[in-house]
Amino acid sequence: MSRDVHLIDHPLVQHKLTLMRRKDTSTKSFRELVHELSALLAYEITREMPMQEIDIETPLETMKSRVIDGKKVVLASILRAGNGFLDGMLQVIPGARVGHIGLYRDPATLKAVEYYFKMPQGMEERDVIVLDPMLATGNSAVMAVDRLKKTNPRSIRFVCLVTCPEGLKTFHDAHPDVPVYTPAVDRGLNEHGYIVPGLGDAGDRIFGTK
């Protein structure tokens, strides 16, 4: 079983992540950076997507050429912060379906609690990309993938902006077969379960709620 972590170190990705980490970055700028960064991440995540050949006509002749079946891709957003990824990802994979997983973190136990789950039909034929900016304690990610696996998708990938060793261990102890794509593995967690140095609460910074 794999415990794959794909560290995305492309200069543009790292540059935009650095701008997002700065505490004086405005809500408007942060939101724009999430949009830009999610489109760049989509390129990396889809690098190994299965392809098929179709017949097309160029201006000169017919040929066989390869395409991704975008309709078989599901972007599964962990609410609410995962929604910040959607616009940028859908620019790159416009045919993707979108699912939502509503989770909140109990402040006392730091455990994830589910309040909403909605996925497209026919998940058995679909490749799922799970979206959550922060893989911190790992509890929300584990619960989200637990629920997704019950739909029997063809494959699952997890993408985040920042994670840490504790979160990766918790996630891969539960789901060693699900690769994680991230630009950054930070030092660890503080006593409140936030990634340090991190970038703060991604949901609050995307939606301007703090």
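Quick note: numbers below take in every heavy atom, side chains included, and nothing from hydrogens, waters or symmetry partners.
Pairing each heavy atom of P133 with each of G82, the nearest pair is CD-N, 3.7 Å. Nearest heavy-atom pair, S140 versus I78, reported as atom, atom and distance to 0.1 Å: O-CD1, 4.4 Å. In this structure, H172 and D4 approach most closely via the heavy-atom pair CE1-O, 3.2 Å. The two residues L7 and A184 make their nearest non-hydrogen contact at CD1-N, 3.8 Å. What you find for P120 and R126 is that their closest heavy atoms are CB-NE, 4.1 Å. Across A76 and M119, no two heavy atoms sit closer than the pair CB-CE, 3.9 Å.
Without hydrogens or angle criteria, N190 side chain to H192 main chain gives a donor-acceptor distance under 3.5 Å. A donor-acceptor pair under 3.5 Å is formed between the side chain of Q14 and the backbone N or O of I8.
Counting heavy atoms from C-beta on, the side chains of N83 and H100 come closer than 4.5 Å. Side-chain contact between M123 and L148: present, with at least one pair of heavy atoms (C-beta onward) separated by less than 4.5 Å. At a threshold of 4.5 Å between non-hydrogen side-chain atoms, the residues V130 and I156 count as touching. In this structure the side chain of V5 never reaches within 4.5 angstrom of the side chain of P179, judged on heavy atoms. In this structure, R205 and T27 have side chains that are not in contact, with every pair of non-hydrogen atoms separated by 4.5 Å or more. Annotation: side chain of R187 is in contact with side chain of P197 (closest heavy-atom distance under 4.5 Å).
For the salt bridge (charged side-chain N to carboxylate O under 4.0 Å, His left out) test, no residue two or more places apart in sequence or in another chain qualifies with R66. Not counting sequence neighbours, the partners of S38 by the side-chain contact (heavy atoms from CB on, under 4.5 Å) test are F85, M89. Not counting sequence neighbours, D9 has no partner by the salt bridge (charged side-chain N to carboxylate O under 4.0 Å, His left out) test. For H6, the ring pair (Phe, Tyr, Trp, His ring centres under 6.0 Å) criterion is met by Y181, not counting sequence neighbours. The salt bridge (charged side-chain N to carboxylate O under 4.0 Å, His left out) test applied to R80 returns D204, not counting sequence neighbours. Applying the side-chain contact (heavy atoms from CB on, under 4.5 Å) criterion to D87, with sequence neighbours excluded, gives H35. Evaluation of the side-chain contact (heavy atoms from CB on, under 4.5 Å) rule for H10 yields L12, V13 as partners, not counting sequence neighbours. Residues that satisfy the side-chain contact (heavy atoms from CB on, under 4.5 Å) test with K118, not counting sequence neighbours, are Y116. For the ring pair (Phe, Tyr, Trp, His ring centres under 6.0 Å) test, residues two or more places apart in sequence or in another chain that qualify with F171 are F158, H175. With sequence neighbours left out, K28 forms a salt bridge (charged side-chain N to carboxylate O under 4.0 Å, His left out) with E32. Applying the side chain to side chain donor-acceptor pair (under 3.5 Å) test to E114 and every residue at least two apart in sequence or in another chain returns R147.
When hydrophobic clusters are built by joining Ile, Leu, Val, Met, Phe, Trp and Tyr residues whose side-chain heavy atoms come closer than 4.5 Å, directly or via intermediates, V185 is not grouped with V196.
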Would D177 and K149 count as a side chain to side chain contact (heavy atoms under 4.5 Å, CB included) here? Give the steps.
CA-CA 11 Å; D177 55 319; K149 282 187 172 179; 2.9 Å; yes

Walk me through whether S77 and I101 qualify under side chain to side chain contact (heavy atoms under 4.5 Å, CB included).
CA-CA 6 Å; S77 169; I101 306 167; over 6 Å; no

Candidate pair V178 and R157, rule side chain to side chain contact (heavy atoms under 4.5 Å, CB included), full reasoning:
CA-CA 6 Å; V178 178; R157 295 168 172 82; 5.7 Å; no

Could you check M143 against L103 for side chain to side chain contact (heavy atoms under 4.5 Å, CB included), going step by step and ending with a plain yes or no?
CA-CA 9 Å; M143 178 177 277; L103 301 172; 3.4 Å; yes

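The line from OG of S29 to CG of L19 is 8.5 Å long, rounded to the nearest 0.5 Å. Atom CZ of R97 and atom CD of Q121 lie 9.0 Å apart (nearest 0.5 Å). Within the model, atoms CZ of F30 and CD1 of I206 stand 5.5 Å from one another, a figure rounded to the nearest 0.5 Å. Distance check: M63 CE to E61 CD gives 8.0 Å after rounding to the nearest 0.5 Å. In this structure, L199 CG and L17 CG are separated by 6.5 Å, a value rounded to the nearest 0.5 Å. Between the NZ atom in K64 and the CG atom in D55 there is a gap of 3.5 Å [rounded to 0.5 Å].
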For residues 161-170, dump all side-chain donor-acceptor pairs below 3.5 Å to protein atoms at least two apart in sequence or in another chain.
unit_1: T163; atom_1: OG1; unit_2: L135; atom_2: O; d: 2.8
unit_1: E166; atom_1: OE2; unit_2: L189; atom_2: N; d: 3.3
unit_1: K169; atom_1: NZ; unit_2: D173; atom_2: OD2; d: 2.7
unit_1: T170; atom_1: OG1; unit_2: T137; atom_2: O; d: 3.4
unit_1: T170; atom_1: OG1; unit_2: E166; atom_2: O; d: 3.2

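At a threshold of 4.0 Å, the pair R154-D127 counts as salt-bridged, since one of the basic side-chain nitrogens sits closer than that to a carboxylate oxygen. A salt bridge links K16 to E36: one of the charged nitrogens lies within less than 4.0 Å of a carboxylate oxygen.
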